[in-house]
Amino acid sequence: MSNEQKNAAGDAKAAYKKTLNLPDTKFPMKANLTQREPETLRFWESNGAYDAMVATGGEKGTYVLHDGPPYANGHIHLGTALNKVLKDIIIKSKNMAGIKAEYVPGWDCHGLPIEHKVEQELGEKKKTMPAHAVRKRCRAYATKYLDIQRKEFKRLGVFGVWDKPYESMDPAYEAATARELGNFMEKGYVTRSKKPIYWCNSCQTALAEAEVEYGDHSSPSVYVRFPFTDPKLKDVFPAAEPEKSYVVIWTTTPWTLPSNLAVALHPEFTYALVKARGEYYVLAEELVANSAKLFGWDEYEIAGTAKGAALEGLNARHPFYDRASVIVLGDHVTLEAGTGAVHTAPGHGREDYEMGLKYGLDIYSPLNDQGQYLDTVEFFAGLNVFDANPKVIEKLEEVGNLLAGNKLTHSYPHCWRCKKPVIFRATTQWFISIDANDLRSKTLNAIKNDVRWIPAWGETRIFNMIENRPDWCISRQRLWGVPIIALRCEKCGEAWYDAAWTKEIADRFAKHPTGCDYWFETDVADMAPKGLSCPHCGGASWQKESDILDVWFDSGTSFAAVVEARPECSFPADLYLEGSDQHRGWFHSSLLASMSTRGVPPYREVLTHGYVVDGEGRKMSKSRDDGSDEQDDDITCHNSTPVLRYIL
């Protein structure tokens, strides 16, 4: 292009520019968000933007979004950030539409993760400290991270009453939680009994279903023969020779065999008496061919068949102890795997426990809190249950009762906190009875008819969980939480509790500077009703119950402590909004707590959002150090680049 052409083009450009009518603004060319965003947030806060927003709404009604409490430990991560931002969008949009919606943020402050961190800090010193001193350290730890998370949430631009949040460790909240325990007692839901529950050997506490995660685990898979020496066996199978007969079971938990008291058969299944290698074996007819391959039976014959019901009450013998293992009948027995005969240890399985109750068997669970066999357990005393697996197999081989064995990788329950495999163990715990007063059926009806689930599959998910869940184990063997308000007789060990007395103690929590620390600081003589005698043995010497309430009970009663109590809210809430893990967590416990004591759900709608997952597809979690730090007012994630994925 020549100089003349260039000059002409420049003149044309200048002339065209003069025809543009652009506004004159102070907008900078560079966004510079790292500096500008904090300035904007400070401007909103100093000018009361949240209060102004709420004040302008209301002509079209009110709306209550009840905040599910994040846990007060560690920094927030992108998952908790997503949750808070979604709630903020709803709150702001409702107010912009003329609907008054106030936001009360909250925190879950009790529980094992906080106590575990304090234990690590204290070390051996904790053993010499009184309970209230340990609790003081836990309270300080929770307060520290509550303040950190509050700052991080406000940095996201989330509006709310951040100066007046709800905290599960607040005296008023703890009193409300204890009062709800009294309401459960008053309506007859609370029981104390010995049942198998999930138990974490590492954390040394009972776990609720919501505190159990499932992951792959490698277990020994063994087929074991129980000598079937009962002479009455010939009445069912005339061809049998009891001194050479066996019933065959399959199990992936050899460590439970020392606790075996029975073998379960299905009453309607057909069982075969199989003659192989000069001996006789009883197992389900449909599974004979597969079993023969596993056991290396090149030749065998079926010497007779009979329904399982015909064998009820006969006695087999334990494979390595000199005691009977009675034949019982149960509909839980299947033909999907194994032999159709199920090893039954009433102290270590849900169906096993039910069989124990039905047949009057001992709920036998000879373990300590570390998951070690008691000294009374021959051959395995002092062994941890998982370490005992190979030793049990060795003993089976030694006595000649191991037919086959290999390794099996399968989905297995793990502790939500320490990520280690858990066991099913019978201990004396406190429970909420799910079938008392038709609670289960009423709750299932409310799920279908009284709540809108968004997305709709949330209804099916929680319906199935409630339909099949056992009683709610509400006791934990820890310090940092709301105590179970009950007394234990020092003479016979039985518990005494009373709804009116529980509510009276709850009132004292509300007046105490640190809430239910009152329970740990006050002598039992100053709390027990005057002249109280044990209804079981007549004893008059008492000690305080040392167990605390499940943290899901704490958060599940937030509707009573917040939605019913705070002026910004009203019961029931219009919306609960959390990730899909809360179908077995907060959605679940809140629903049961409200249905049992109020007769209605605590929410009208439940919205389930997706997860932020890491590069390996796992949801963000503080327990895997997926937290975020606030650095120069920017939130940065520790983990690999996260992505948003909707879990369907």
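Quick note: numbers below take in every heavy atom, side chains included, and nothing from hydrogens, waters or symmetry partners.
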Short question: side chain of [X], backbone of [Y] - any donor-acceptor pair under 3.5 Å?
{"X": "S594", "Y": "L591", "result": "no"}
{"X": "W453", "Y": "I447", "result": "yes"}
{"X": "D387", "Y": "L383", "result": "no"}
{"X": "S589", "Y": "W552", "result": "yes"}
{"X": "Y271", "Y": "A341", "result": "no"}
{"X": "T205", "Y": "Q477", "result": "yes"}
{"X": "S475", "Y": "D547", "result": "no"}
{"X": "D438", "Y": "K442", "result": "no"}
{"X": "D375", "Y": "A381", "result": "no"}
{"X": "K244", "Y": "E279", "result": "no"}

Subject >> Under 3.5 Å side-chain donor-acceptor pair for H588 and R469 >> reply: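 A donor-acceptor contact under 3.5 Å links the two side chains.
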
Original post:
Hey, are D216 and T409 close enough side-chain-wise for a donor-acceptor pair under 3.5 Å?
Top reply: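 No, no side-chain donor-acceptor pair sits under 3.5 Å.
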
Which atom names give the shortest non-hydrogen contact between [X] and [Y], and what distance separates them?
{"X": "A316", "Y": "V247", "result": "CB-CG1, 4.1 Å"}
{"X": "A337", "Y": "W250", "result": "CB-CZ3, 3.8 Å"}
{"X": "W199", "Y": "Q429", "result": "CZ3-NE2, 3.8 Å"}
{"X": "A239", "Y": "A303", "result": "CB-O, 3.7 Å"}
{"X": "V399", "Y": "P319", "result": "CG2-O, 3.5 Å"}
{"X": "H318", "Y": "F226", "result": "CA-CD2, 4.2 Å"}

**OP:** Walk me through it: do L396 and L257 pass the test side-chain contact (heavy atoms from CB on, under 4.5 Å)?
**Re:** CA-CA 10 Å; L396 290 169; L257 283 169; 3.8 Å; yes

Could you give the distance from [atom1] ([X]) to [atom2] ([Y]), rounded to the nearest 0.5 Å?
{"X": "L283", "Y": "L335", "atom1": "CG", "atom2": "CG", "answer": "10.5 Å"}
{"X": "T229", "Y": "L314", "atom1": "OG1", "atom2": "CG", "answer": "10.0 Å"}
{"X": "T344", "Y": "L361", "atom1": "OG1", "atom2": "CG", "answer": "8.5 Å"}
{"X": "I484", "Y": "D550", "atom1": "CD1", "atom2": "CG", "answer": "9.0 Å"}
{"X": "T443", "Y": "L439", "atom1": "OG1", "atom2": "CG", "answer": "4.0 Å"}
{"X": "L592", "Y": "R440", "atom1": "CG", "atom2": "CZ", "answer": "9.0 Å"}

Inspect the surroundings of [atom1] in [X] and state if more than 12 heavy atoms from other residues, nucleotides or ligands are less than 6.0 Å away.
{"X": "E286", "atom1": "CD", "value": "no"}
{"X": "K420", "atom1": "NZ", "value": "no"}
{"X": "K234", "atom1": "NZ", "value": "yes"}
{"X": "K187", "atom1": "NZ", "value": "no"}
{"X": "E299", "atom1": "CD", "value": "no"}
{"X": "K544", "atom1": "NZ", "value": "yes"}
{"X": "K195", "atom1": "NZ", "value": "yes"}
{"X": "K126", "atom1": "NZ", "value": "yes"}

Original post:
Could you go step by step and tell me if V326 and Y359 meet the side-chain contact (heavy atoms from CB on, under 4.5 Å) rule?
Top reply: CA-CA 9 Å; V326 65; Y359 287 91; 5.6 Å; no

Compare all side-chain heavy atoms of [X] with those of [Y] and state whether any distance is below 4.5 angstrom.
{"X": "W586", "Y": "D108", "result": "no"}
{"X": "T253", "Y": "F424", "result": "no"}
{"X": "I474", "Y": "L181", "result": "yes"}
{"X": "S202", "Y": "C415", "result": "no"}
{"X": "D331", "Y": "H266", "result": "yes"}
{"X": "W496", "Y": "C534", "result": "no"}
{"X": "L311", "Y": "F237", "result": "yes"}
{"X": "L265", "Y": "V333", "result": "no"}

Original post:
Is the shortest side-chain N to carboxylate O distance from R317 to D322 below 4.0 Å?
Top reply: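 Yes, this pair counts.
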
Subject >> Residues W255, H348; criterion ring-ring contact (aromatic ring centres under 6.0 Å, His included); working and verdict >> reply: CA-CA 10 Å; W255 67 264; H348 294 292; 5.0 Å; yes

**OP:** Take R488 and E545 through the test salt bridge (Lys or Arg N to Asp or Glu O under 4.0 Å) and record every step on the way to the result.
**Re:** CA-CA 6 Å; R488 300 270 293 279; E545 173 60 74; 3.4 Å; yes

Original post:
Can F379 and Y321 be said to form a ring-ring contact (aromatic ring centres under 6.0 Å, His included), step by step?
Top reply: CA-CA 10 Å; F379 310 130; Y321 291 141; 5.7 Å; yes

Subject >> Contacts of R478 that satisfy salt bridge (charged side-chain N to carboxylate O under 4.0 Å, His left out) - sequence neighbours left out >> reply: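 Salt bridge (charged side-chain N to carboxylate O under 4.0 Å, His left out) check on R478 returns E115, E119.
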
**OP:** Fit a plane to each ring of H217 and H410, take the angle between them on a 0 to 90° scale, and name the class: parallel (under 30°), tilted (30 to 60°) or perpendicular (over 60°).
**Re:**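 Ring orientation, 0 to 90° scale: tilted.
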
Original post:
Parallel, tilted or perpendicular for F380 and F320, by the 30°/60° rule?
Top reply: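 Perpendicular: the ring planes of F380 and F320 meet at over 60°.
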
**OP:** Decide ring-ring contact (aromatic ring centres under 6.0 Å, His included) for F184 and F553; before the verdict, give the C-alpha distance in whole Å, the side-chain angles of both, and the deciding distance to 0.1 Å.
**Re:** CA-CA 11 Å; F184 272 101; F553 191 99; 5.4 Å; yes

Subject >> From Y281, Y246, W297, F295, residue fulfilling ring-ring contact (aromatic ring centres under 6.0 Å, His included) relative to Y223 >> reply: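 So, applying the ring-ring contact (aromatic ring centres under 6.0 Å, His included) to Y223 and each of Y281, Y246, W297, F295, only F295 qualifies.
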
Original post:
Listed by chain and number, what are the ring pair (Phe, Tyr, Trp, His ring centres under 6.0 Å) partners of Y497, not counting sequence neighbours?
Top reply: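 Y497: ring pair (Phe, Tyr, Trp, His ring centres under 6.0 Å) contacts with W430.
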
**OP:** Could you go through the side-chain contact (heavy atoms from CB on, under 4.5 Å) check for T608 and W457 one step at a time?
**Re:** CA-CA 10 Å; T608 305; W457 53 257; 3.8 Å; yes

**OP:** Might you work through the salt bridge (Lys or Arg N to Asp or Glu O under 4.0 Å) test for R425 and D369, ending with a clear yes or no?
**Re:** CA-CA 10 Å; R425 174 195 177 204; D369 289 351; 3.1 Å; yes

